[in-house]
Amino acid sequence: MKRYVTVLVLLALSALLVACGGGAAVEQAVQEVAPTLQAAATELAPTLEAVATEVAPTLEAVATAISPTEEPTAEPAAEEPTAEPAAEGEGSFLERARAGEFTGTTINLMGVMVDEEAVKMEAAVAPFEEQTGIDVVYEGTREFETAINVRVDAGDPPDIANISQPAMVQRFASAGELVDISEFLPRETLQETYIDSWLDMATMPGADGEDIMAGVWHRAAVKSMVFYPKAQFDAAGYVVPETWDEMLALTQQIADDGDTAWCIGIESGAATGWVATDWMENIMLRTTSLENYDKWVTGELPFASPEVKNAAETMGEIWLNDTYVYGGVPSIVSTFIGDSPVPMFADPPGCWFHSQAAWITGFFGDDTLVPGEDYDFFYLPPIDESLGRPALVAGDMMVMFNDRPEVRALMEFFSKGEGVEQWVRQGGALSPHKDASLDWYESVVDRQVAELLANATSVRFDASDLMPAEVGAGSFWKAMTDWISGSTDLDTALAEIDASWPQE
């Protein structure tokens, strides 16, 4: 309490100094009033102390509340980071679609599949719709070629089209109508699900002449098989050939046994001759390089070239030998394609081998035949072992006309085996994808063909389907028919095809 008294005395003296201005007078005044001030302060001390005691808690609370130097409080422990969904724009377009970024959008898909095949197409895209919330509206029409051209010309193309004619894809690509798939699916990504041959066949010149990835392959068919009557083949003690020379030796052995080895027929109305073109294409893949095959398709390698003539002569070793062909050589051009394999299932077989795609099993003429028991097939053997195991194929390509994120996502889906899995499981389709599983195939034949395709070291599309229509569906068919029938010689036939090639 003494500090309060001292403060009061000092305050009073200070006020007096200010009032008097300082000097000797001030000193005398201070001496006169000091005892009086000290006495007053002593008398007031108990009262001041009581006031101080009463207001102290309040002052202390106020000081605490406004103090800028509070003691730091402990920070709460940091939480472990939790996984967050991908932010918009992160990941591939398919990943973003599955994260819900494009939910509620619609994609228009157009193709030639109708009826049962349309149902299978819708089944193929159903998992994508379920995973993404994107509605894929499929439009199928038997008049696809006309309809797609009308829509593109009118500036109203579908978002995606399923096209089985590479020449049509090439036309749209060169006109600048297609989106370059490599803009969002680079080749190294596509190589995870396709062998290079499929990517090579999808690479085409764009509007500026520079190559683009014109689409992704969805379904495939294989034309490099030889069917045979397995039960009777095994009973005869024959062994499946692994090389072309072994196949020729077995063909001769069967002839020596008094039978004809091959069932061959090419009659198909206005399309007579296309079976011969498939044989030529298969042999070209087994006797010359892929580069030469591609040049042959574009007309850079003439039909009269040594490479193409050699393929025809190799084919002729079988086709032009009466002891090798059921009914003799003249029967080839008069026997309907679908009837030609039926003699394999006579008892005893009239012939033992028939080369065709898997659809031919529907023409065997006996619904009780069991695949893998009554009949089977083997891979059409290699001729030049250095060329590996090539496969002649057909297939459907998905091409993209409109560039939107959700459309990119569906194209990415189609570039993977899962994009065709549900169709494969229902039958009638092969997957060209490396990540497809053989377990998806319910049919024994489909599974074996899929395995053949998976083991192929290279693939090329049916050449006649890639050539200009005047050649591939015209002079090529006719010239092969004329040569086999004997109405013209090989050199003349090949020269006539070359002469029919359209001039630019």
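Along the sequence shown, the residues carry numbers beginning at 1. Side-chain atoms are counted along with the backbone in the values below, which use heavy atoms only and exclude waters and symmetry mates.
The backbone N or O of Gly372 lies less than 3.5 Å from no partner atom in the side chain of Asp376, so there is not a single donor-acceptor pair. Listed for the Thr481 side chain is a donor-acceptor partner under 3.5 Å among the backbone atoms of Trp477. Side chain of Ser224 to backbone of Leu392: a donor-acceptor contact under 3.5 angstrom is found. Not a single donor-acceptor pair under 3.5 Å links the side chain of Lys223 to the backbone N or O of Phe461. Although no hydrogens or angles enter the test, the distance criterion places no donor-acceptor pair under 3.5 Å between the side chain of Thr288 and the main chain of Met284. For Thr277 (side chain) and Ser464 (main-chain N/O), no donor-acceptor pair under 3.5 Å exists by modelled atom type. The closest donor-acceptor contact from the side chain of Thr193 to the backbone of Ser415 lies under 3.5 Å. Between the side chain of Thr189 and the backbone N or O of Leu185, no donor-acceptor pair lies under 3.5 Å.
A side-chain contact (heavy atoms from CB on, under 4.5 Å) with Glu101 holds for exactly one of Arg96, Glu406, Glu95; it is Arg96. Tested against Phe476, the residues Trp279, Phe303, Trp483 include a single ring-ring contact (aromatic ring centres under 6.0 Å, His included) partner, Phe303. Of the listed residues (Phe413, Phe414, Tyr194), just one forms a ring-ring contact (aromatic ring centres under 6.0 Å, His included) with His218, and that residue is Phe414. For the pairing with Trp352, the ring-ring contact (aromatic ring centres under 6.0 Å, His included) check across Tyr228, Tyr238, Phe345 returns one residue only, Tyr238. Screening Phe227, Phe377, Phe378, Tyr375 for a ring-ring contact (aromatic ring centres under 6.0 Å, His included) with Phe353, the sole residue that qualifies is Phe378.
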* To do: Please step through side-chain contact (heavy atoms from CB on, under 4.5 Å) for the pair Ile264 and Thr335, ending with a clear verdict.
  => CA-CA 8 Å; Ile264 306 174; Thr335 301; over 6 Å; no
* Please step through side-chain contact (heavy atoms from CB on, under 4.5 Å) for the pair Ser92 and Glu412, ending with a clear verdict. => CA-CA 9 Å; Ser92 72; Glu412 184 178 349; 2.9 Å; yes
* Which is it for Asp135 and Thr105 under the side-chain contact (heavy atoms from CB on, under 4.5 Å) test, yes or no, and what are the steps along the way? -> CA-CA 6 Å; Asp135 185 22; Thr105 57; over 6 Å; no
* Apply salt bridge (Lys or Arg N to Asp or Glu O under 4.0 Å) to the pair Glu451 and Arg447, showing each step before the final yes or no. => CA-CA 6 Å; Glu451 187 172 11; Arg447 188 179 309 115; over 6 Å; no
* Yes or no on side-chain contact (heavy atoms from CB on, under 4.5 Å) for Met467 and Trp501, after CA distance, side-chain angles and deciding distance? -> CA-CA 9 Å; Met467 294 173 179; Trp501 204 278; 3.9 Å; yes
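Within the structure, salt bridge (Lys or Arg N to Asp or Glu O under 4.0 Å) contacts touching residues 292-318 (residues at least two apart or in different chains) are Asp294-Arg460, Lys309-Asp491.
Aromatic ring pairs are classed by plane angle as parallel below 30°, tilted from 30° to 60° and perpendicular above 60°; the pair Phe102 and Phe93 is parallel.
Ion pairing of Lys478 with Glu470 is absent here, as no side-chain N (NZ or NE/NH1/NH2) approaches a carboxylate O to less than 4.0 Å. Salt bridge annotation for Lys416-Asp435: absent, with no cationic side-chain nitrogen under 4.0 angstrom from a carboxylate oxygen. No salt bridge links Lys230 with Asp374; every basic N to acidic carboxylate O contact stays at or beyond 4.0 Å. Between Arg142 and Asp115, at least one side-chain nitrogen of the basic residue sits less than 4.0 Å from a carboxylate oxygen of the acidic one, meeting the salt-bridge criterion. Salt bridge Asp384/Arg286: absent, no basic N to carboxylate O contact under 4.0 Å.
For the pair Tyr138 and Met113, the minimum side-chain heavy-atom distance is below 4.5 Å. Between Val393 and Trp198 the shortest side-chain heavy-atom distance falls below 4.5 Å. Residues Leu410 and Ile160 have side chains in contact (heavy-atom distance under 4.5 Å, counting atoms from C-beta outward). Between Ile148 and Met168, the closest side-chain pair of non-hydrogen atoms falls below 4.5 Å. Between Met400 and Asp403, the closest side-chain pair of non-hydrogen atoms falls below 4.5 Å. Residues Tyr324 and Ile254 form no side-chain contact, since every pair of their non-hydrogen atoms from C-beta on lies 4.5 Å or further apart. Taking the side chain as every heavy atom from C-beta outward, Arg171 and Asn149 approach each other to under 4.5 Å. Using a 4.5 Å heavy-atom threshold, the side chains of Ile134 and Thr106 count as separate.
Judged as a side-chain contact (heavy atoms from CB on, under 4.5 Å), and not counting sequence neighbours, the contacts of Val297 are Tyr293, Ala463, Leu466.
Remark: Arg389 qualifies as a cation-pi partner of Tyr379 under the 6.0 Å distance and 45° angle criteria applied to the six-membered ring.
The number of heavy-atom neighbours closer than 6.0 Å to CZ of Arg187, taken from other residues, nucleotides and ligands shown, is above 12.
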